[in-house]
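Every chain is numbered from 1 and lettered A, B, ... according to where its sequence line falls, protein lines coming before strand lines.
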Amino acid sequence: MNSRRMTVIGPEASPPLDVLIIDDDAASAEACRRILEEDGYRVAVAGDGEQGLRMAEADNPSVVLLDPEIAGVAGFEALGRLAEAASATVPVVMTGKGTVDSAVESMRLGAHDYLAKPVNPERLLESVRRGVELGRLRRRAHAPRMKQDLLLQALALLEEAYSLGMGKRTLLEELAGLETEAKRHAQSLGRTWDKGRAIAEIREDLLQADAIMRSYGFRKNALIQTLLDVQEKFHWLPRHILEWISGRLDVPLREIYGIVHFYEAFSLEPRGRHSFQVCTGTACHVRGSSELLSRVSAALGLQPGQTDSRLTYTLETVHCLGCCALAPVIQIDSDYYRDPDRSRLDKIIKTMQREEAQA
Amino acid sequence: MKRLKTVADLEKLRAEAVAQRNAKDWLEVCTGSGCLACGAEAVADALDGEIEKRGLGHKVGVRRTGCHGFCEGAPLVVIHPSDTCYTKVQPKHAAPIIDGLGAGEGPVRDLLYLDEGTGERIERLQDIPFYRHQERVLLGDNVRIDSSSILDYIAVGGYGALAKALSEMTPESVLHEVKKANLRGRGGGGFPAGRKWETTRNAPGEPKYVIVNADEGDPGAFMDGSLLQGNPHSVLEGLILGAYAIGAAEGFIYVRQEYPLARKSIEIAIEQAREYGLLGRNILGSGFSFDVVIHRGAGAFVSGESSALMSAIEGRVGEPRPKYVHTSEKGLWGKPSCLNNVETWATVPHIIDKGADWFRGMGTEGSKGTKIFSLVGKVKNTGLVEVSMGIPLRDIIFKIGGGVPDGKSFKAVQTGGPSGGVIPAALLDLPVDFDELTKAGSMMGSGGMIVMDENTCMVDTARYYTSFLAHESCGKCVPCREGIRQMLAILDNIAAGKGREGDLEILEELAEFMQVASLCALGQSAPNPVASTLKYFREEYEEHIRHGRCRAGICTALIAYEIDQEKCQACGACQRNCPVDAIDKSEAGVFTIVHEKCIKCGACLKACPAKFGAVVKVPAGAVLRKSAEEIGLAGTSR
């Protein structure tokens with residue numbers, strides 16, 4: 001998370017962090033981070049108390065998840081200092097030593113909630129959800145004071161814009177354009193996220209697109225390679241990223257769309273998390289790939305090229321996977337199957353559905 | 001330091017690498033795409049585990065190699081140095097295989113290749129008929145090399161040709177040797193590589209570029225991908241030799257997007273070659289400098305064409321341009337650029353190493369050396385095959401390939417991919433080389449060889465390639481774009497039983513026109529699949545048009561599935577497998593197909609147990625007539 005922030009171009013203006021985890025048990029911290037990130041939260045981890053307090057001050061997270069048993073600055077002391085800082089941050093304690101004493105002590109020092117380790121994912125999410133909500137209310141209460149900070153950042157931006165010969169109006173228009181893109185993008189994915197979350201998300205996307213372009217030295221002739229990397233990362237080419245690349249590399253958008261339409265590897269539609277690729281190479285064709293394709297198509301209820309509305313599966317055809325001895329062959333995610341029959345396919349699909357349901 | 005500064009350094013390293021190899025027995029597990037798909041990685045892991053368990057690490061090693069070629073036997077394991085070849089190996093065989101290494105145990109008989117003709121098990125790789133009739137100059141090393149190890153390549157003599165060229169030969173003499181060998185481009189056209197090199201060398205303009213075309217787009221062909229994946233250094237060494245002869249300082253490798261394994265393999269190879277000083281500045285102390293960049297393709301068949309491929313490397317849409325001036329003179333960024341395919345480059349080190357005369361000793365008058373084919377389709381031994389030019393087609397398909405499986409009869413073989421054509425049984429004794437295949441109305445192409453049996457429909461085959469080309473035509477020139485589209489429309493009609501008299505004549509006229517008027521080779525050769533099937537199998541087209549009959553039972557509009565009410569045992573396998581619930585129980589208690597719902601996917605035919613054989617394919621007309629009869633019967637009974 002932090003390394004990504006280093007790539008910010010211009011003044012630091014990160015959207016607020018949702019959760020900061022302060023825990024010296026890396027495995028436990030990582031598990032919590034994964035659970036929270038899968039639910040869309042922006043999470044950072046600190047390995048000890050000092051670092052944690054520093055990050056809490058710098059990043060101003062909505063919620064801090066803290067294990068008071070950590071080494072270094074004693075956890076309870078850290079908790080106390082967090083609560084005293086009178087910021088909008090909401091502290092939540094999680095500990096492996098679930099004694100009544102520690103619970104009472106935590107609450108006395110200002111913890112908002114108390115979780116026992118190993119943490120139950122549902123309980124964790126519930127606690128963080130309430131914490132973030134509370135943080136937001138507190139932040140609003142602090143808004144008048146924070147507005148001044150925001151204005152300082154905005155002034156720095158404006159100064160930079162003027163020095164580049166860019167007017168205030170242009171800057172605001174561009175910004176409004178990006179916000180519209182963010183909303184459109186969230187809608188196109190069927191998400192009901194709020195404004196802030198949608199903007200945070202496309203900002204993250206654009207930073208990633210920048211990182212990809214940077215790896216090619218922002219060279220125009222690396223456009224196809226850049227697009228391939230974006231496709232690999234996102235599984236499709238969202239419009240806001242293409243517009244961003246167009247601006248960054250100074251290549252007309254229509255030229256980018258020309259390339260995207262020309263090559264098979266690119267998709268302008270979101271793709272499913274699982275890919276079904278039926279090989280229609282010649283060897284597969286003469287050994288009955290069209291029968292296999294109609295079987296797979298019927299099993300998924302999708303035509304080739306389609307993705308289901310929940311973005312679970314994408315069905316595609318591909319010209320030659322290079323394992324003609326297995327013909328007719330289908331590649332499902334990274335596994336190859338030789339002419340699977342209906343019941344085999346059903347079994348594979350059911351397994352996927354079960355995994356999706358668990359996730 | 002790893003970096004090799006002189007030829008002597010390389011030879012010293014080679015001696016070390018050879019000693020290391022000889023210290024152990026090796027279990028060479030094929031991890032080509034076909035074997036991987038059959039679980040080769042699990043086999044290799046199991047062998048590793050078994051060796052560790054027994055503490056044999058100092059005596060036996062597992063080597064994960066590229067494609068061995070005999071994909072039908074996947075997953076394959078070969079023992080070095082005994083050359084014992086095991087087929088269809090599963091992880092559970094790890095223990096017996098390692099037992100078999102011990103004195104007195106002997107090989108695991110059940111895993112040896114079974115010769116169906118003689119009923120005997122064959123132990124050694126080179127005695128298996130599939131391998132025995134081949135001449136594996138390029139592919140042979142695939143069995144012996146872990147592609148991620150430059151030491152493996154060096155141990156089998158790798159970079160010896162480069163050392164020889166840099167220390168003993170001038171660029172002119174390298175070029176002369178390749179010209180003398182009469183090496184023709186393996187990518188399709190068969191243009192003499194030496195002449196191409198010379199053009200680029202002599203063309204005005206600096207810098208000059210050398211390019212590897214690894215955009216193997218022909219469906220059904222996977223030799224370039226397998227070579228690049230299994231032996232990437234051979235391609236790299238060939239490219240460096242070419243750059244030396246031509247005077248290029250920078251090279252590009254354009255890899256097809258669908259080949260992630262090959263890309264990874266060549267990436268590692270380049271990295272290692274740089275570390276060892278075989279790429280970069282002052283290679284082996286010769287003063288010659290050269291480096292390579294990988295460019296990923298993004299999935300477009302036409303981008304394999306030289307001018308299109310160069311556009312793509314420049315970051316633009318990969319469309320061909322008119323070639324009034326060849327790319328060898330004005331190519332990448334307008335500079336002289338020499339492009340050859342993977343196999344061509346990989347052949348170069350062998351020519352420099354063993355000499356042009358050795359190379360000329362193989363092949364025919366016009367086509368020297370060996371050629372790799374991917375032998376696929378309706379053939380028993382699917383796989384990669386390398387043979388001397390001039391070998392009869394019959395030998396490839398029957399001696400090496402083992403003929404057509406399931407007792408079916410051979411109908412035709414398609415060569416040259418979407419730009420090639422079909423060759424009928426009558427021409428099976430044709431010697432395979434560039435010129436003979438072209439004379440027969442097909443072409444060498446990159447080396448795809450798809451065998452077709454009596455159950456392959458020729459109209460469908462032509463339609464398949466034409467629809468592939470319709471999708472892949474870049475649309476820049478009218479003859480190709482519109483010609484292919486019209487051809488496809490006519491073929492669609494014929495396959496749907498809506499063909500008309502005169503259709504075949506229009507197809508022929510279109511074909512002739514496109515061959516003359518298209519901009520690039522894609523359009524010029526696009527009519528070949530139609531023209532050649534028409535030439536040799538005209539009667540099949542006529543049957544489709546006049547009688548609505550597809551003798552191979554492939555064109556779905558002309559066939560139907562039926563359940564023989566007498567034979568059906570009501571096991572329900574067909575119903576369970578039908579994806580669209582088009583199978584009902586009839587009054588007699590057995591199953592019957594509801595034709596209105598049937599999508600003709602053939603799942604029921606596949607599901608019906610062979611011992612019953614109740615589901616059958618019938619001409620669509622038979623179903624229509626029968627329902628008419630049934631209606632008639634119903635009428636009379638009332």
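What you find for B/A74 and B/G34 is that their closest heavy atoms are CB-O, 4.2 Å. Contact detail for B/N528 and B/S419: the closest heavy-atom pair is ND2-O, 2.7 Å. B/C30 and B/C35 get closest at one heavy-atom pair: O-CB, 3.3 Å. Nearest heavy atom pair, residue B/Q257 against residue A/L228, reads CG-CD2, 4.3 Å. Taking all atoms of both residues into account, the shortest heavy-atom contact from A/A283 to A/A327 is O-CB, 3.7 Å. Closest of all the heavy-atom pairs between B/Q229 and B/S265 is O-OG, 2.7 Å.
Chain A forms the most heavy-atom pairs under 4.5 Å with one residue out of B/E314, B/H471, B/K606, and that residue is B/K606. With chain B as partner, the option from A/L223, A/L321, A/L326, A/L292 having the largest number of non-hydrogen pairs under 4.5 angstrom is A/L326. Most heavy-atom pairs under 4.5 Å with chain B: of the set A/T280, A/I224, A/V329, this distinction falls to A/I224. If you tally non-hydrogen atom pairs under 4.5 Å between each of B/V376, B/N455, B/V317, B/T456 and chain A, the highest count goes to B/V317. Your options are A/E255, A/H261, A/Q331, A/R342, and the one with the most heavy-atom pairs under 4.5 Å with chain B is A/R342. Chain A forms the most heavy-atom pairs under 4.5 Å with one residue out of B/C601, B/C71, B/A300, B/S374, and that residue is B/C601. The candidate with the highest count of non-hydrogen atom pairs below 4.5 Å against chain B, out of A/E291, A/R295, A/Q231, A/R219, is A/E291. In terms of heavy-atom pairs under 4.5 Å with chain A, the best-connected choice from B/M223, B/E319, B/K378, B/E472 is B/K378. Ranking A/F266, A/Y336, A/Y263, A/Y337 against chain B, the residue ahead of the rest is A/Y263, based on heavy-atom pairs under 4.5 Å. Interface summary for chain A: among B/G39, B/A37, B/A298, the most heavy-atom pairs under 4.5 angstrom belong to B/A298. Chosen from B/T382, B/I554, B/V451, the residue pairing most often with chain A at heavy-atom distances under 4.5 Å is B/T382. Listed options A/C320, A/G258, A/C323 were ranked by heavy-atom pairs under 4.5 angstrom with chain B; first place goes to A/C320.
Looking at A/D339, both its backbone and its side chain come within 4.5 Å of chain B, counting heavy atoms on both sides. Proximity to chain A is limited to the backbone of B/I313, based on heavy atoms less than 4.5 angstrom apart. Both the backbone and the side chain of B/H295 come within contact range of chain A, with heavy atoms under 4.5 Å apart. Looking at B/V379, the atoms closer than 4.5 Å to chain A (heavy atoms on both sides) all sit in the backbone: N, CA, C or O. Using a 4.5 Å cut-off between heavy atoms, A/Q277 does not touch chain B at all. When heavy atoms are compared at a cutoff of 4.5 Å, B/A221 approaches chain A solely by way of its backbone atoms N, CA, C and O. There is no contact between B/E216 and chain A, counting heavy-atom distances below 4.5 Å. In this structure, the portions of B/C474 lying under 4.5 Å from any heavy atom of chain A include both its backbone and its side chain. Only the backbone of B/R576 has a heavy atom closer than 4.5 Å to any heavy atom of chain A. The contact between B/S303 and chain A is made entirely by side chain atoms (from C-beta outward), counting heavy-atom distances below 4.5 Å. Within the 4.5 angstrom heavy-atom criterion, no atom of B/D453 approaches chain A.
Ring pair B/F301/B/F468 is perpendicular by interplanar angle, where above 60° counts as perpendicular and below 30° as parallel. In this pair, A/H285 and B/Y464 present their aromatic rings parallel. The plane angle is below 30°, not in the 30 to 60° band.
With B/E72 contributing its side chain and B/G383 its backbone, the two residues share no donor-acceptor pair below 3.5 Å. B/Q414 contributes no side-chain N or O that, together with a main-chain N or O of B/I450, makes up a donor-acceptor pair within less than 3.5 Å. When atom types are taken as modelled, the side chain of B/D224 and the backbone of B/A214 share no donor-acceptor pair closer than 3.5 angstrom. Side chain of A/S246 to main chain of A/L242: no donor-acceptor pair is present (N/O by atom type, distance under 3.5 Å, no hydrogens or angles).
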I'd like to know whether A/R248 forms a salt bridge (charged side-chain N to carboxylate O under 4.0 Å, His left out) with A/D210, so could you lay out the CA-CA distance, the side-chain angles of the two residues, the decisive distance to 0.1 Å, and finally the verdict.
CA-CA 8 Å; A/R248 192 59 106 188; A/D210 271 347; 2.6 Å; yes
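When side chains are defined from C-beta on, A/R271 counts as touching A/E316, because their heavy atoms get closer than 4.5 Å.
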